[in-house]
Amino acid sequence: MYRYRHGAFGLVSDLALPDLVSDAVTPADPAGFDATAVRLRLEAVPEALPDPHKTGLLWQASGDEVLFSLGEAGRYLVRGGRSIGVAPGPDHDSHPDRLLNWLYGSVFAAVLLQRGLMPLHVASLRTASGLVAITGPSGAGKSTMAGALLSRGHALLADDLLQIDDVAGLIRTGPATTVAGWPGVPRLRLSDEAIAAFGLGHGDWVPVEGRSKSGALLPLGGRGRPDRAPGPLAALVELAAAPDPEMPVRLERLTGLDAIRAIHGALYRPGLSQALLGVTGLRAFSFNLAARLPVWRLTRPLGFDRIDAGIAALAPLLGRQA
């Protein structure tokens with residue numbers, strides 16, 4: 001049995017989780033730790049829920065259960081933010097990364113939502129003023145920008161998921177308070193081309209299958225020493241591709257509906273978030289977070305040769321390099 005501390009929750013697992021080894025704990029009171037931790041078990045998982053009230057791409061929800069069916073990779077069943085049932089598929093031994101990628105992303109997102117936390121699909125960096133989160137639609141270059149910032153000495157914490165604390169407080173109408181964030185799994189996924197372009201080939205990269213940008217994974221900070229501490233969320237930056245490659249880079253502050261839309265676009269699996277929080281709760285979260293958090297849009301031409309201009313525009317938000 002393995003015990004981990006991952007962000008805002010503990011995890012007791014039947015499976016060894018390589019990217020969380022650095023978060024392994026030996027608590028003075030294992031029984032007390034186990035009582036509040038999420039329990040991950042290898043067990044039989046149904047192929048479908050009996051009466052799902054919501055369904056999405058490869059997932060369905062019913063009551064306090066969320067089922068992820070991943071074909072040959074296996075299945076996950078999340079129950080009430082308290083337990084995760086895992087049934088590895090026939091190709092797990094030859095491709096274990098497929099099951100782990102879903103665990104670290106969508107499955108953990110469901111756990112967070114059921115435990116009153118909000119997962120954002122962002123790259124997160126630690127700065128002198130707090131955490132800066134970078135988001136954008138598919139193809140906007142979030143991971144590429146994260147890799148470029150890492151290569152230039154910035155403190156990249158995670159590439160995929162950020163845990164937002166006190167979702168209940170953000171859904172309620174009340175006085176503005178600091179929004180706290182917890183970094184996700186400390187790793188970066190990049191294409192082979194980006195790794196070469198940014199001079200990151202010396203890292204301990206692990207090849208993975210998937211889309212072209214998913215050529216390899218890099219544990220951030222080295223397994224055993226990643227920065228996992230929570231911090232105040234200082235800014236959210238939405239990346240946008242310039243329609244004209246000759247357009248100058250522009251960093252602009254978003255307000256009102258533009259800021260709310262940017263936050264909604266940063267939600268990890270928004271359909272799942274809506275299924276578990278409801279439309280009203282999700283709108284209230286986005287509205288109140290937009291009122292408390294500076295939201296920016298960085299518009300820049302795409303391409304490895306244009307990345308420096310985008311990073312220069314971000315300098316006021318990122319501050320000094322780590």
Side-chain angles (χ1 to χ4, degrees), residues 6-9 56 59 66 81 101-127 129-138 140-143 145-146 149 155-171 177-189 220 227-240 254 258-278 281-298 314 317-318:
H6 179 55
F9 65 88
W59 65 267
V66 180
N101 287 342
W102 275 84
L103 174 66
Y104 296 153
S106 296
V107 175
F108 276 179
V111 171
L112 293 169
L113 287 163
Q114 291 181 338
R115 293 175 75 92
L117 298 139
M118 177 65 77
L120 296 184
H121 190 198
V122 300
S124 52
L125 300 103
R126 193 177 300 282
T127 73
S129 57
L131 303 182
V132 172
I134 299 176
T135 188
S138 178
K142 175 179 66 69
S143 295
M145 179 62 76
L149 290 167
L156 179 66
L157 304 179
D159 171 43
D160 192 49
L161 191 151
L162 180 72
Q163 306 176 19
I164 298 298
D165 210 346
D166 190 24
V167 172
L170 285 166
I171 291 176
T177 57
T178 300
V179 179
W182 299 76
V185 176
R187 62 182 192 170
L188 169 66
R189 180 165 51 191
L220 297 173
D227 180 353
R228 63 179 188 174
L233 191 56
L236 175 72
V237 180
E238 178 189 56
L239 299 181
L254 300 181
D258 289 334
I260 293 171
R261 290 190 185 104
I263 289 171
H264 190 80
L267 298 176
Y268 205 108
R269 285 195 171 267
L272 179 62
S273 300
Q274 181 174 309
L276 299 184
L277 287 182
L282 202 57
R283 287 176 178 171
F285 169 85
S286 298
F287 179 86
N288 288 326
L289 183 58
R292 302 180 191 190
L293 178 69
V295 181
W296 302 79
R297 177 182 293 140
L298 177 67
L314 288 175
L317 302 181
L318 299 176

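In this chain, residues are counted from 1 in sequence order.
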Validation row: V237, L298 side chains within 4.5 angstrom (heavy atoms):
yes

Within-4.5 Å side-chain heavy-atom neighbours: V295 and E238
no

Just wondering, do L267 and L282 contact through their side chains at under 4.5 Å, heavy atoms?
yes

Between F108 and Y104, what is the ring plane arrangement, given parallel below 30°, perpendicular above 60°, and tilted in between?
tilted

Give every residue pair that meets the salt bridge (charged side-chain N to carboxylate O under 4.0 Å, His left out) criterion with at least one member in residues 260-269, sequence neighbours excluded.
D258-R261

Return yes if some donor-acceptor pair links the side-chain N/O of R115 with the main-chain N/O of G81 below 3.5 Å, else return no.
yes

Any V185 side-chain heavy atom under 4.5 Å of H6 side chain
yes

Tell me whether R187 is salt-bridged to D160, with the criterion being a basic N under 4.0 Å from an acidic carboxylate O.
no

Under 4.5 Å between any side-chain heavy atoms of L113 and M118, yes or no?
yes

Determine, step by step, whether F9 and L112 satisfy the side chain to side chain contact (heavy atoms under 4.5 Å, CB included) criterion, reporting the C-alpha distance in whole Å, the side-chain angles of both residues, the deciding distance to 0.1 Å, and the verdict.
CA-CA 9 Å; F9 65 88; L112 293 169; 3.7 Å; yes

Measuring from atom CG of L117 to atom CH2 of W182, what distance do you get when rounded to the nearest 0.5 angstrom?
9.0 Å

Go through L131 and R126 one step at a time and tell me if the side chain to side chain contact (heavy atoms under 4.5 Å, CB included) criterion holds.
CA-CA 5 Å; L131 303 182; R126 193 177 300 282; 3.7 Å; yes

Are side-chain heavy atoms of T135 and L120 found at a separation under 4.5 Å?
no

Could you walk me through whether L276 and V66 pass side chain to side chain contact (heavy atoms under 4.5 Å, CB included), step by step?
CA-CA 9 Å; L276 299 184; V66 180; 4.0 Å; yes

Crowded around R297 CZ? As in, over 12 foreign heavy atoms under 6.0 Å?
yes

So Y268 and L162, do their side chains get closer than 4.5 Å, heavy atoms only?
no

Consider side chain to side chain contact (heavy atoms under 4.5 Å, CB included). Of L239, V122, L317, which one does I134 pass it with?
L239

